[in-house]
Amino acid sequence: MGKYNEFMQGRYGFDKLGGALIIVSVIVSVVGRLLWLRWTGLICIVLDLIFLYRFLSRKEYARSRENRIFIEFFENVKEFFSRDRKNYNYYTCPVCKTKFRVPKNRTQGYTAKRVCPKCKNEW
Ligand SMILES: [Zn+2]
């Protein structure tokens, strides 16, 4: 274990993006085997290499930045699929980028203006 700690000294290691890369790699490999696809092996190797590169990287700032971008993207995807489009309209404020929703019955009619709940920007 001492050797391992010594080796990992100053290296980035595991994070959420790393976990996602491994999970996707395993899924691709299983699907590839089930469907008898040849090219999925290559995707797995590429994903594993990216994981390994990030795991052993000494550039902690760059790696944690990638991880942040990934988490933000993942949250956006999750949010997008959990939207209640039947009852709400979804907007992003062009000034402060705040995301908010407005019940549909309130945006119908002549008042088509949207007001950002955070910075009160109207557009
Ligand atoms: Zn705003």
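Note that the structure is a prediction, hence the values are computed from the model and not measured. As the structure lists them, so they are numbered: ligands from 1, and atoms in each ligand from 1.
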Output yes when Glu66 and Arg63 qualify as a salt bridge under the 4.0 Å nitrogen-oxygen rule, no when they do not.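 Result for this pair is yes, salt bridge flagged.
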What protein atoms of element N, O or S are positioned under 2.8 Å from the Zn ion (ligand 1)?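 Protein N/O/S atoms under 2.8 Å of the Zn ion (ligand 1): Cys93 SG, Cys96 SG, Cys116 SG, Cys119 SG.
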Is there a path of hydrophobic side-chain contacts, each under 4.5 Å between heavy atoms, that joins Tyr61 and Ile50?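 No, separate clusters.
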Would you indicate whether the side-chain heavy atoms of Asp84 and Tyr90 approach each other to under 4.5 Å?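 Yes - at least one pair of side-chain heavy atoms lies under 4.5 Å apart.
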CD1 of Ile22 to SG of Cys44: how many Å apart, nearest 0.5 Å?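 The SG atom of Cys44 is 10.0 Å from CD1 of Ile22, to the nearest 0.5 Å.
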Going by the angle between their ring planes, with limits at 30° and 60°, are Phe14 and Phe55 parallel, tilted or perpendicular?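 Rings of Phe14 and Phe55: perpendicular, as their planes differ by over 60°.
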For residues Trp123 and Cys116, report the shortest heavy-atom separation together with the two atoms involved.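 Taking Trp123 first and Cys116 second, the nearest heavy atoms are CZ3-N, 4.2 Å.
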